[in-house]
Amino acid sequence: MKPIFRRRKKGRREHKEGRQNADRCILGIAWGTVVLFLWLIGYMGYFLIVPREEVINNPYNARLDGFARSVERGKILSSDKTVLAVTETGEDGSERRLYPYGSLFSHGVGYSTRGNTGLEALGNYYLLTCHLNPVQQLQSRLAGKKLPGDQIVTTFDTELQQAAGEALGDKKGAVVALEPATGRVLAMVSKPDFDANTVEEDWEAIAAEDGQARLVNRAVQGLYPPGSVFKIVTLLAYIREHPLDYGEYRFECTGSFQCEDYSIRCYHGTAHGSQTLAQAFANSCNGAFASLGLELDKKGMADTAEGLLFNREQPVALPYSQSRFLMGEDAGIWEVLQTSIGQGLTQMTPMHGAMMTAAVANGGVLMAPLFMDRVENEAGETVKTFPPEVYGSLMSREEAEILGHMMETAVAEGTGSALRTQAYTAAGKTGSAQFETGKETHAWFTGYAPADNPRIAVTVIVEEGGSGGQAAAPIARRLFDIYLSR
């Protein structure tokens with residue numbers, strides 16, 4: 001009998017162990033289900049809070065049509081609350097988007113007829129959302145009316161925008177004005193432009209125009225050879241390689257610089273004579289900067305350019321083109337000479353030039369360009385704010401101070417003479433960029449003011465404008481005068 005007892009005892013033990021294993025398995029499944037449920041809840045919560053606006057704002061999202069059926073698209077306002085875009089409802093209930101300034105803000109504010117562009121796209125979610133109190137919303141619904149969409153207060157300064165548009169006139173090009181300390185975009189003009197009120201009717205005609213590219217926002221999408229404005233980059237690369245002796249640099253300018261079979265001429269063949277580094281920068285001496293380029297380590301030059309946002313993503317909320325610096329370590333003499341003076345394969349957008357300049361003015365720190373200041377409901381109550389955001393340091397404070405002093409000298413003693421005034425001291429750099437044989441050069445200017453306490457940075461390009469000092473700098477001067485006279 002003893003063996004039988006042992007077998008029964010063993011069987012009971014095995015049964016108990018099997019039941020415990022089954023319990024553990026069930027418990028594991030239960031806990032797994034709980035964890036999965038909590039993860040789903042967490043993910044949905046994250047989705048509703050973090051990327052919700054981005055997803056809903058996607059033009060392929062069918063929910064936007066539903067929003068538009070129940071919410072009237074809100075207004076877009078300038079910084080002083082001047083109306084830049086508004087929806088007008090007819091007696092028959094039809095809606096029409098109106099742009100009181102016609103073409104003046106056509107690239108910045110954009111349009112919302114053939115899709116959405118500009119701030120109409122960037123702020124689409126806010127414009128189709130209503131934050132009136134529940135009682136007011138109920139009253140609108142009971143009256144059979146759409147809910148009034150929230151309104152966007154932009155950073156655009158109407159007076160500066162008008163001045164920039166008038167100064168650029170009928171020339172092709174772009175103007176960008178920023179606040180260095182905040183990144184607020186005060187003005188952004190692109191020419192040629194279009195009337196945002198009639199873009200639907202004019203669509204075929206605009207598309208058929210040869211070489212006009214009216215719909216392209218040249219301020220953020222236009223890629224141009226930077227010309228002598230790029231000497232800011234070359235100068236910084238040289239200072240980094242010669243931190244202790246850059247002040248000892250000397251160059252004898254005869255109007256052209258010869259290296260083997262290649263020759264680089266200064267603008268109009270001007271012979272600048274004996275030049276220090278500061279003088280060469282102020283006079284925009286091509287020969288001096290071509291010679292600097294041959295001295296520089298190619299990788300160091302590329303690193304400096306990329307540190308200043310060439311070949312990199314930029315903190316621009318609107319669709320933009322990436323600036324290009326393509327000189328590699330195997331570049332030949334001609335490519336080095338051209339690149340060092342902002343020619344060759346290098347290309348830059350006006351917004352990029354403005355950001356680089358604003359970083360110099362702000363002690364090396366770049367603030368991300370800011371287009372929207374806040375969102376308000378129709379009653380004017382703030383719903384959401386967009387505070388200034390630090391992108392990062394493009395250079396050290398000491399480097400920014402050196403570049404700033406050089407740019408100040410360029411205005412006080414060099415090619416930026418159009419900015420000289422008793423009212424304030426400006427800092428800047430002019431440029432004249434060749435882009436096609438037989439055509440006039442593009443005219444550049446980028447700078448800021450006041451030099452000792454920067455409040456505004458402006459970058460201008462005038463296509464085929466010739467001299468940057470004569471065609472682009474006076475436009476910047478006009479914006480400086482207006483903004484600093486307040």
Side-chain angles (χ1 to χ4, degrees), residues 176 178-181 183 226-249 251 275-285 288-289 292-293 295-296 300-310 323 325 339-342 346 348 350 352-367 391-416 419 425-431 444-460 468-469 473 476 480:
V176 178
L178 304 174
E179 278 184 357
S228 292
V229 168
F230 188 79
K231 288 171 183 171
I232 295 172
V233 182
T234 307
L235 176 60
L236 179 57
Y238 184 80
I239 290 170
R240 286 177 173 175
E241 285 193 26
H242 299 267
L244 301 178
D245 62 352
Y246 68 86
E248 299 174 12
Y249 175 85
F251 180 80
Q275 298 285 285
T276 63
L277 188 60
Q279 290 171 332
F281 183 80
N283 294 320
S284 205
C285 179
F289 275 80
L292 283 181
E295 289 185 40
L296 291 173
M301 180 73 160
D303 289 345
T304 296
E306 292 185 2
L308 294 175
L309 302 186
F310 284 88
S323 298
F325 178 87
T339 302
S340 301
I341 61 173
T346 306
M348 182 177 76
H352 184 188
M355 288 191 293
M356 218 164 45
T357 303
V360 173
N362 197 39
V365 176
L366 174 63
M367 304 298 292
Y391 170 77
S393 295
L394 303 191
M395 64 197 75
S396 69
R397 175 170 289 277
E398 183 181 3
E399 290 168 341
E401 289 176 353
I402 295 169
L403 292 179
H405 288 316
M406 298 277 193
M407 293 170 71
E408 191 174 344
T409 302
V411 171
E413 302 175 13
T415 58
L419 276 296
T425 303
K429 183 73 191 76
T430 61
W444 279 95
F445 175 81
T446 191
Y448 59 88
D452 58 348
N453 182 29
R455 291 175 52 199
I456 179 173
V458 176
T459 297
V460 179
F480 287 163

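Treat the numbers as computed from the prediction; the structure is a model and nothing was measured. Just so you know, residue 1 is the first one in the sequence shown, and it goes up from there.
Once rounded to the nearest 0.5 Å, the distance linking OG1 of Thr346 with CD1 of Ile341 reads 10.5 Å. Here the straight-line distance linking atom OG1 of Thr357 with atom CG of Leu366 works out to 10.5 Å at 0.5 Å rounding. The CD1 atom of Ile239 sits 11.0 Å away from atom OG1 of Thr234, with the distance rounded to the nearest 0.5 Å. Atom OG1 of Thr459 is separated from atom CZ of Phe445 by 8.5 Å, given to the nearest 0.5 angstrom. Rounding to the nearest 0.5 angstrom, the gap separating the CG atom in Leu178 from the CG atom in Asn362 is 11.0 Å.
Between Phe310 and Phe230, the distance separating the two ring centers is shorter than 6.0 angstrom.
The side-chain hydrogen bond (donor to acceptor under 3.5 Å, both in side chains) search around Ser340 returns none, not counting sequence neighbours. Listed by chain and residue number, Glu399 satisfy the side-chain hydrogen bond (donor to acceptor under 3.5 Å, both in side chains) test with Ser396 (two or more places apart in sequence, or in another chain).
Counting heavy atoms from C-beta on, the side chains of Ile232 and Met406 never come closer than 4.5 Å. Residues Met367 and Glu179 fail the side-chain proximity criterion, which asks for heavy atoms closer than 4.5 Å. Residues Thr446 and Met356 form no side-chain contact, since every pair of their non-hydrogen atoms from C-beta on lies 4.5 Å or further apart. Looking at heavy atoms from C-beta onward, Tyr246 lies in side-chain contact with Ile402 at the 4.5 angstrom threshold. Taking the side chain as every heavy atom from C-beta outward, Asp452 and Thr425 never approach each other to under 4.5 Å. Using a 4.5 Å heavy-atom threshold, the side chains of Leu394 and Met355 count as separate.
A side-chain donor-acceptor contact under 3.5 Å links Asn283 to the backbone of Gln279. Between the Lys231 side chain and the Phe281 main chain, no donor and acceptor come within less than 3.5 Å of each other. Checked by atom type and distance alone, the side chain of Tyr249 pairs as donor or acceptor with a backbone atom of Ala288 at under 3.5 Å.
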Step-by-step side chain to side chain contact (heavy atoms under 4.5 Å, CB included) determination, Val233 to Phe325: CA-CA 11 Å; Val233 182; Phe325 178 87; 6.0 Å; no
Asp303 vs Arg240, side chain to side chain contact (heavy atoms under 4.5 Å, CB included): CA-CA, chis, key distance, verdict: CA-CA 11 Å; Asp303 289 345; Arg240 286 177 173 175; over 6 Å; no
Trace of the side chain to side chain contact (heavy atoms under 4.5 Å, CB included) decision for Phe289 with Leu235: CA-CA 8 Å; Phe289 275 80; Leu235 176 60; 4.1 Å; yes
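Within 6.0 Å of atom CD in Glu398, 12 or fewer heavy atoms from other residues, nucleotides or ligands are found, so the atom counts as exposed in its surroundings.
What you find for Gly428 and Val411 is that their closest heavy atoms are N-CG2, 3.5 Å. The shortest non-hydrogen separation linking Gly404 to Val360 is N-CG1, 3.9 Å. Here the closest non-hydrogen pair linking Ser323 and His352 is OG-ND1, 2.7 Å. Between Lys429 and Ser228, the closest heavy-atom pair is CE-O, 3.5 Å. Of all non-hydrogen atoms in Gly342 and Pro226, the two that sit nearest each other are O-CD, 3.4 Å. Glu241 approaches Glu295 most closely through the heavy-atom pair OE1-O, 4.1 Å.
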